[in-house]
Amino acid sequence: MREIYLDNSATTRCFPETAELMNKLYLEEYGNPSSMHHKGVEAERRLTGASAILAGILKVRPANLIYTSCGTESDNLAIIGAAMAMRRSGRHLITTVIEHPAVLETMRLVEAAVREDTILVSVMHTNNEIGTIQPIEEIGAAVKRRNPRTLFHVDAVQGFGKARILPKKARIDLLSVSGHKIHAAKGVGFLYIGDGCRIRPILFGGGQQKGMRSGTQNTAGIAGMALSARILYDSLDRDNEELCRLRDLFISLVTQIPDVFINGMGAARRAPHIISLTVPGVRAEVLLHALEDKGVYVSSGSACATNRPHLSGTLSAIGLKGDHLDNTIRISLSVMNTEADVREAAAAIAELVPFLRRYTRH
Ligand code: PLP
């Protein structure tokens, strides 16, 4: 059976070039970048090369990048690190109701201390459940107008690799990115920390990365993440155009099914790759497994928060109620998908829905 993978917001397949590069680093250039001998210097060079690529994409200095183990760690380092560094200036932090748990749970952790002055505002770039894009530049400008000392954190885990994000232009102080969402490895990410933005580390030890994040760097993962980012940004406009075409084709096909709707369609800006589809009368989990039987992989709600699939802050926030919260699947595309994938997946959904509706109602 042919596999049609449409869960790219949960994670992506590694680019073959990236897997090859990582393999070379694991087998040949496996030195510790902190070692003083040749093997260490070789590994250190890989890090320098990766930083040059990633910094070039963001138009920032390589020294502004701190490598982490994932998007979650980048979000934690940004929020806890800022809250600890600025606790004398204020204890007020702001976020939105549509954030990922990596931000929300972290905000809750520091929320106990919330009081007057706002030290940090955290807003996601692209929502992982419905694909809406927040007006980051406008929010950044508004935050700084109000209080130039307030730090602006952006979770760009779903937006990096799809959108051109320029931290300086958008007045972003802290930007979180994850490798496995951009066709690189799981277990690697980075945090951009703007010039003049002081945050405290949350990991202590050998003092790597100027003490900001102790722990031996994941050189293979980092080099792979930079290569995947370069591949994506080299053909970004063309790929986004094709993704939008596939997204719109999928939407036009599935909305021919009676009584279904797409969430987030009213947003001024939508990601090219995320589609949130509500099918009243069919539980998301049932549809997900029925599609799986046909080789089509999608997600119910947000796959990276599956421990509490019933708690979709985003879907509730946009007004979905009752059963509709549980009738929603997410389809997320990548540059590896084809028109055939989209047509076959839409046909599978169209075939299954009437059957599952009968089945659910009896
Ligand atoms: N932030 C957002 C918006 C996400 O979608 C995710 C994962 O899906 C994360 C953070 C967490 O990233 P990671 O899985 O690399 O920890």
Side-chain angles (χ1 to χ4, degrees), residues 5-14 18 54 65-80 95-109 121-134 136 139 153-163 165 172 174-192 202-203 213 215 218 221-222 224-226 228-229 263-264 267 269-276 297-309 311-315 317 328-334:
Y5 185 76
L6 301 178
D7 199 10
N8 290 282
S9 284
T11 198
T12 54
R13 180 168 177 241
C14 214
T18 300
L54 295 167
L65 305 180
I66 296 293
Y67 294 107
T68 64
S69 66
C70 56
T72 300
E73 188 193 329
S74 299
D75 285 343
N76 276 250
L77 175 58
I79 297 169
I80 299 176
T95 190
T96 76
V97 289
I98 62 165
E99 299 301 311
H100 185 270
V103 167
L104 272 187
E105 292 302 316
T106 312
M107 290 298 274
R108 279 198 189 107
L109 187 74
V121 174
S122 180
V123 178
M124 69 187 350
H125 181 281
T126 298
N127 180 269
N128 49 302
E129 291 178 69
I130 57 172
T132 51
I133 297 176
Q134 317 319 311
I136 292 302
I139 297 170
H153 169 240
V154 172
D155 177 334
V157 168
Q158 297 287 348
F160 186 81
K162 296 289 188 310
I165 305 170
I172 297 168
L174 299 154
L175 182 94
S176 304
V177 172
S178 174
H180 72 105
K181 312 286 186 179
I182 61 161
H183 304 279
K186 290 159 192 64
V188 66
F190 71 83
L191 178 69
Y192 158 82
I202 57 172
L203 286 187
R213 203 278 191 176
N218 174 359
I222 293 165
M225 173 166 64
S228 289
N263 299 297
R269 290 180 64 208
R270 288 186 297 136
H273 62 304
I274 300 177
I275 302 149
S276 172
Y297 296 96
V298 302
S299 152
S300 72
S302 175
C304 46
T306 41
N307 289 341
R308 289 153 300 147
L311 282 184
S312 169
T314 303
L315 295 177
T328 302
I329 58 168
R330 178 185 68 184
I331 294 94
S332 45
L333 310 170
S334 84

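Atoms within each ligand, like the ligands themselves, are counted from 1 in listed order.
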Chemist: Which is closest to atom 3 (C) of ligand 1 in terms of heavy atoms, N76, T68, D155?
Modeler: D155
Chemist: What residues, two or more places apart in sequence or in another chain, satisfy side-chain hydrogen bond (donor to acceptor under 3.5 Å, both in side chains) together with T68?
Modeler: S74
Chemist: Relative to the heavy atoms of Q158, which atoms of ligand 1 are at a distance of less than 4.0 Å?
Modeler: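 Counting atoms of ligand 1 from 1, those under 4.0 Å from Q158 are 3 (C), 4 (C), 5 (O), 8 (O).
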Chemist: Centroid separation under 6.0 Å, is that true for the rings of F190 and F160?
Modeler: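 Between F160 and F190, the centre distance is under 6.0 Å.
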Chemist: Hydrogens and angles aside, do K162 and T126 bring a side-chain donor and acceptor to less than 3.5 Å of each other?
Modeler: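 No, T126 and K162 have no side-chain donor paired with an acceptor closer than 3.5 Å.
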Chemist: Quick check: does any side chain N or O of H125 sit under 3.5 Å from a backbone N or O of D155, one acting as donor and the other as acceptor?
Modeler: no
Chemist: Does any N or O in the side chain of T132 come within less than 3.5 Å of the main-chain N or O of G264, such that one atom is a donor and the other an acceptor?
Modeler: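 The answer is no, because no donor-acceptor pair under 3.5 Å joins these two groups.
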Chemist: Does K186 come within less than 4.0 angstrom of ligand 1, counting non-hydrogen atoms of the residue?
Modeler: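 The answer is no, since K186 has no heavy atom less than 4.0 Å from ligand 1.
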Chemist: Record the part of K181 in heavy-atom contact with ligand 1 below 4.0 Å; permitted values are side chain, backbone, both and neither.
Modeler: side chain
Chemist: Which ligand 1 atoms, with their elements, are less than 4.0 angstrom from a heavy-atom of S178?
Modeler: 13 (P), 15 (O)
Chemist: Using a 4.0 Å heavy-atom cut-off, say whether N127 meets ligand 1 through its side chain, its backbone, both or neither.
Modeler: neither
Chemist: Are T95 and I79 packed together at the side-chain level, in the sense that at least one heavy-atom pair is separated by less than 4.5 angstrom?
Modeler: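 Sidechains of I79 and T95: no contact.
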Chemist: Can you tell me which portion of T72 lies within the under-4.0 Å heavy-atom range of ligand 1? Options are side chain, backbone, both, or neither.
Modeler: both
Chemist: Do ligand 1 and M124 have nitrogen or oxygen atoms that lie under 3.5 Å from each other?
Modeler: no
